[in-house]
Amino acid sequence: MSAPLAIIVGMDYTDAQRSAIATVDDPLLIVACAGSGKTQVISQRITEILRKPGVHPRNIVAFTFTNKAAAELQERANTLVAKEIGELPGLAEMFIGTMHGYALDTLQQHVPETFKFSVLDEVQTRLFIDRNSSKSGLTRTYARVQGSPKALQRYKDSRLYMQVMNILREDDVDKDLLPEDLIENLADYRRLLFGHNYFDFTDQLKTIVDLLDEDPADPIAGKLVRHVRDNIRYLVVDEYQDINPIQEKLIRGLTRWGANLCVVGDDDQTIYQWRGSAVSGILGFADRYNGVQTVTLDENFRSSVGVVSLGQSIAELNAGQRLPKKMVAAGHQKYDRGDLLALSFEDAAAEARWICDRITHMRGVPFHDAPDRDPRGLSWSDFAVLFRSVSNDAGPLVEEFKRRDVPYVIKGLTRLFEAPEVQACVKLYEYLIGQSAERNPQPVTAQDVRDAWLSAGLGLTDADLDAGMKVLDRARTLDRRRYRRITFTLQQIYVDFLTEVRVREERVPGDRTRGELAFYNLGKFSKVITAFEQINYKSNFRDLYERFLKFLTYQAPDYYAESDADVGYATPDAVIISTVHQAKGMQWPAVFVPAMRRNRFPASRQGGLNAFHVIPEEAVSDSDRYRGTEADERRLFYVAVTRAQKYLAVTFSPGEKARSRRSSDFFSFVTRNPYVLTAEASLPEERLEPRARHEIPEVTMSFSELKYLFECPYQFKLRFLYGFDHPIHEELGYGKSLHDALAEIHKRAIDRDLVDLSDVDELVDRHLNVPFAGDELTRQLRNSARAAIHRYLRENGAGLLNTLHSEQPIRVHVAAGVTVDGRIDLIKRLDTNETSIVDFKSTQRAQTEDINRDQLHVYAAGYRELTGSNADLVEVLNLDDSAASQREVVNEELLLGIRGKIQNAGDALRENRLPRKSSWCDTCERCDLVGLCRDNSGATVTP
DNA sequence: CTCCCACGGCTTTTT
DNA sequence: GCCGTGGGAG
């Protein structure tokens, strides 16, 4: 569904594409129109660079905007390299990913002080700010509303404060124009994050950007700077039009030592302005860098001439604010009169009816994916309906689809907290304190809990709930005054309850997807609990339930918007309903853009308190862009229109509200286009058997995910597809701390800097991070960490100079679209001159993670892809108990077999085949989610 | 036809 | 909190 691979592969490149591919020595700006084969060109260009003598994959860094785009580029580049160069050792060391991912990875490879840091997502950041409402600066910050300053309030304004903190760090802010106390609050906030060993999203970038400015001899930043100086020779930045000032600074920092820079983007598709991006970035690129070559990919291989010229005319509305270019159709889709429609309807229901009719009629219409391909009949998944606002406008269409049994998938805002099973979850915690958290609390009784769960449609019975209520009543009678600190009960109560009521995916009435969706929502709720518990672990237990419930009531619903489409890797053959934003980068044979109403598309600006009531407007240049302009809306409309390959219907029906009764100016603009008809024309008569475009979803697994997948596919599903979390453990982080300390020892050993016993205390202090342990336990853990490192140095210190790699990234690419990513703790040469792969393990304080021979051989396979040769040994080194270590010879047969096993696992994942173990076994015995899977009643399988 | 004012309603989302 | 709408005055 992404760029037209099929169209380009096997074909020659255009002159423009060829010149983009061949320009690898000068700074390059690739201006890529919609559908111009951008991803393919980038991949080919990367391949050309890798072909150059003396270039190692680690010399190349490529940034994408999202993880999804990264996976695609990764896969495309891997495929090309395999085809054109063959096996290329060390390919895993080429970085393709997001800027945030790069920042974190690189910091944690080269700056030991950050090894223990973890990243807070948006929800956790907000929880963190509220938890520390004064220390974070929140309640010491003032918003100036119509002249009079008003302090920000805990809970209520934390989201706003987060935005303020982000803008201050990400944008070019004139510090002289900021109030003094705001600058201090920002410093306090960053100190607070640092003190807790956290990065928020922004601080990852901010930290690396600041360090990259330093001198190569700097004691802290030096290693990082030298790494960049000595390794990075080619930097590629995709979606450059969406880059904001701090990201630009990262690019500067990475190219500071002369690396080649190539940026790729389309100024007409700048749609993330609320994140601080500005079209001016790409417009001024050629002026900011010396000797820039510009290549414009203006041929659109995706769409017919009708769609292309309509798109082009929309882009031209922004004349003066865009790069001069003219998108032309490459003629890969034929335009027929009647393909493009602009229709008005009496009301939303009529509009929905027509869309539904049209889709049903068009099913089976012959469609050529490419000019030289045999036609296939259009199927459900070839249709997309793109809304400016799914949450506001998609209702009538969804109703119609349901009524007519048209399969559909909603991407966009479907709210987690509106799902009945999640509302039932919230009831659990309301019951624990006896009332709801609203301003006028409603009493919540046992009967209310039972009703909520019975009506959630999970197939539970009264008897199940009898058992479940016992869990709640036990928790309720717990004397919370006796506990000074939280004892991580929220998740435990949840899992215990689900276990007692015996929820099972298969018990959910309806078809299989209904059960999957329900479990997906329940799993997400587990994640919600984790987010809360992680931030509030050192709070009073007394009002824990109350605060959690307030969080559930007032904050969480805003954040957890989930899409049904995310369940599993398998894409269903269904009509896509999506926001325009989420459709970026996609294409469909037929696209509908309904609800073209005034004040909706283009959207009217939102009022209310915003970041610029806190930050003086004049301190940020072009601060207007955060709020979105009409030009931004036109770009968004351009994105919507250019998703269509052949059929496009832009439609209007009056909204119910006064402000949306009239049609949008965009709609009348489309009406005037000569390629567009304002009345439906007849479709071709011919129909073929509908055949969905076959898409192979890309599967990338981490080593630990693969470990679960090998061990028990259903456990994998519960954890990684549905999202059920382990309850937090007091000693959590200990094993990671040991790993980090050892990593520093080995990295220093590679630089010929040997750690000795006298350094151990300092080393442990730097890396120990056990946030959930109390003082006494922390002391104990510190002591055992010291003892373990002492023991390690005594037993292995002599061999440290034989360290070859520490935390070495590896990747096993077994087949098209199946990849395993991971790191090998240690690779060393033994006295016997053999190479050994070492995985560290700590039994004493961390959860036992048994590693079996299969898993060890995954590492061996990774080593092979890294170096092109085989390791001799694989070992598991037990840090607490040397006697429990294992060491074995790499088994050639297992090594060959492992790729097949990984591929099978990947295929199973793609086909959503993730069954339970056939009977109760050791894995079940250790599994903390077994209560969601089966009873331990004999050896029989629960349905 | 223009101006003024009261009132109603309120998007998108990545890391 | 702010913007768009539309009724009513001028």
Side-chain angles (χ1 to χ4, degrees), chain A residues 63-70 97-105 118-125 143-148 150 157 159-160 162-163 166 169-170 199-208 238-239 241-244 246-247 250 269-277 386-394 411-415 558-563 578-585 595 597-614 625-630 632-637 639-640 654-662 664-665:
Chain A
F63 291 143
T64 59
F65 194 63
T66 63
N67 287 315
K68 189 169 149 252
T98 63
M99 292 195 169
H100 291 83
Y102 179 80
L104 186 66
D105 255 29
S118 58
V119 179
L120 297 181
D121 65 20
E122 213 172 43
V123 183
Q124 292 173 309
T125 303
R144 275 153 205 82
V145 176
Q146 292 175 337
S148 59
K150 186 177 143 289
D157 297 318
R159 181 206 286 266
L160 176 73
M162 189 165 69
Q163 279 168 4
N166 288 347
R169 286 171 296 168
E170 299 207 1
F199 286 128
D200 62 7
F201 284 133
T202 299
D203 235 44
Q204 295 171 78
L205 297 183
K206 180 74 179 153
T207 304
I208 194 168
D238 193 11
E239 304 283 11
Q241 76 281 356
D242 284 325
I243 269 18
N244 70 16
I246 197 170
Q247 293 173 322
L250 176 58
Q269 299 187 58
T270 311
I271 60 172
Y272 285 99
Q273 63 296 128
W274 38 266
R275 231 173 120 274
S277 68
L386 308 182
F387 287 94
R388 173 69 244 257
S389 165
V390 166
S391 53
N392 283 291
D393 296 334
K411 293 183 133 210
L413 297 182
T414 50
R415 300 202 161 273
D558 287 347
Y559 286 101
Y560 294 94
E562 282 312 319
S563 64
S578 163
T579 59
V580 181
H581 282 91
Q582 294 212 342
K584 194 177 186 184
R597 297 167 188 156
R598 183 169 288 198
N599 292 319
R600 164 92 328 122
F601 201 3
S604 64
R605 286 178 159 204
Q606 203 182 8
L609 205 61
N610 68 56
F612 293 99
H613 288 102
V614 175
R625 70 187 195 276
Y626 283 95
R627 268 162 285 178
T629 61
E630 172 108 15
D632 289 318
E633 293 288 313
R634 283 194 287 262
R635 285 187 276 267
L636 197 57
F637 188 47
V639 169
E656 280 171 8
K657 316 273 165 60
R659 63 206 314 275
S660 59
R661 267 205 303 267
R662 287 190 281 165
S664 146
D665 289 345

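In what follows, chains carry the letters A, B, and so on, assigned in the order in which the sequence lines appear, proteins first and then strands, with residues in each chain numbered from 1. The basis for the numbers below is simple: all heavy atoms, side chains too, and nothing from hydrogens, waters or symmetry mates.
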Rounded to the nearest angstrom, tell me the gap between atom CG in Asn166(A) and atom P in dT14(B). 15 Å

Phe65(A) has a side chain; which of dT14(B), dT12(B), dC10(B) sits nearest to it? dT14(B)

Tell me the interatomic distance from Arg627(A), atom CZ, to dT13(B), atom C1', rounded to whole angstroms. 18 Å

Scan Arg662(A) against the nucleic acid and name what it touches under 4.0 Å (heavy atoms): base, sugar-phosphate only, or nothing. sugar-phosphate

Set of residues satisfying salt bridge (Lys or Arg N to Asp or Glu O under 4.0 Å) with respect to Asp203(A), sequence neighbours excluded: Arg169(A), Arg190(A)

I want to check one thing: is the phosphate of dT15(B), taken as OP1 and OP2, less than 4.0 Å away from some side-chain N or O of Gln204(A)? no

Give the rounded distance in Å between these two atoms: CD of Gln163(A) and C1' of dT13(B). 11 Å

Over all strands shown, is Asp632(A) touching base, sugar-phosphate only, or nothing at heavy-atom distances under 4.0 angstrom? nothing

Phosphate OP1/OP2 of dT14(B) contacted by Thr98(A) side-chain N/O (<4.0 Å): no

Apply ring-ring contact (aromatic ring centres under 6.0 Å, His included) to Tyr626(A) and list each qualifying residue two or more places apart in sequence or on a separate chain. Phe612(A)

Parallel, tilted or perpendicular: which fits the ring planes of His100(A) and Phe201(A), with parallel below 30° and perpendicular above 60°? perpendicular

Have a look at Arg659(A) and say if it touches a base, only the backbone sugar-phosphate, or nothing, with a 4.0 Å heavy-atom cut-off. sugar-phosphate

Could you check whether Asn392(A) gets within reach of a base, just the sugar-phosphate, or nothing at all, counting any heavy atom under 4.0 Å? sugar-phosphate

Please state how far atom NZ in Lys411(A) lies from atom P in dT12(B), giving the value in whole angstrom units. 16 Å

Can you tell me which nucleotide in dC10(B), dT14(B), dT12(B) comes closest to the side chain of Tyr272(A)? dT14(B)

List the steps and the verdict of salt bridge (Lys or Arg N to Asp or Glu O under 4.0 Å) for Arg597(A) and Asp393(A). CA-CA 10 Å; Arg597(A) 297 167 188 156; Asp393(A) 296 334; 3.5 Å; yes

Counting only side-chain N and O atoms of Gln273(A), is one of them less than 4.0 Å from OP1 or OP2 of dT12(B)? no

Which residues satisfy the side chain to side chain contact (heavy atoms under 4.5 Å, CB included) test with Asn244(A), sequence neighbours excluded? Glu170(A), Ile246(A), Gln247(A), Arg275(A)

Below 4.0 Å from chain A heavy atoms, what is the first contacting nucleotide of DNA chain C and what is the last? dG1(C) to dG6(C)

Measure the distance from CZ on Phe387(A) to P on dT13(B) and round it to the nearest whole Å. 14 Å

Heavy atoms under 4.0 Å, any strand shown: does Glu122(A) hit a base, just sugar-phosphate, or nothing? base

Take the protein atom CG of Asn67(A) and the nucleotide atom C1' of dT13(B), then report the distance between them rounded to whole Å. 14 Å

May I have the distance from Glu630(A) (atom CD) to dT12(B) (atom P), rounded to whole angstrom? 18 Å

For Ala394(A), the side chain to side chain contact (heavy atoms under 4.5 Å, CB included) test, sequence neighbours excluded, returns Phe387(A), Val390(A), Val398(A), Ile577(A)

Nearest nucleotide by nearest heavy atom, which residue falls closer to the 5' end of DNA chain C, Leu609(A) or Ser604(A)? Leu609(A)

Using the rule given for side chain to side chain contact (heavy atoms under 4.5 Å, CB included), can you reason through Leu609(A) versus Asp157(A), listing the C-alpha separation, both sets of side-chain angles and the distance that settles it, and then say yes or no? CA-CA 9 Å; Leu609(A) 205 61; Asp157(A) 297 318; 4.0 Å; yes

How many Å lie between CZ on Phe201(A) and P on dT13(B), as a whole number? 16 Å

Tell me every residue that passes side chain to side chain contact (heavy atoms under 4.5 Å, CB included) with Ala70(A), counting only those two or more places apart in sequence or in another chain. Thr64(A)

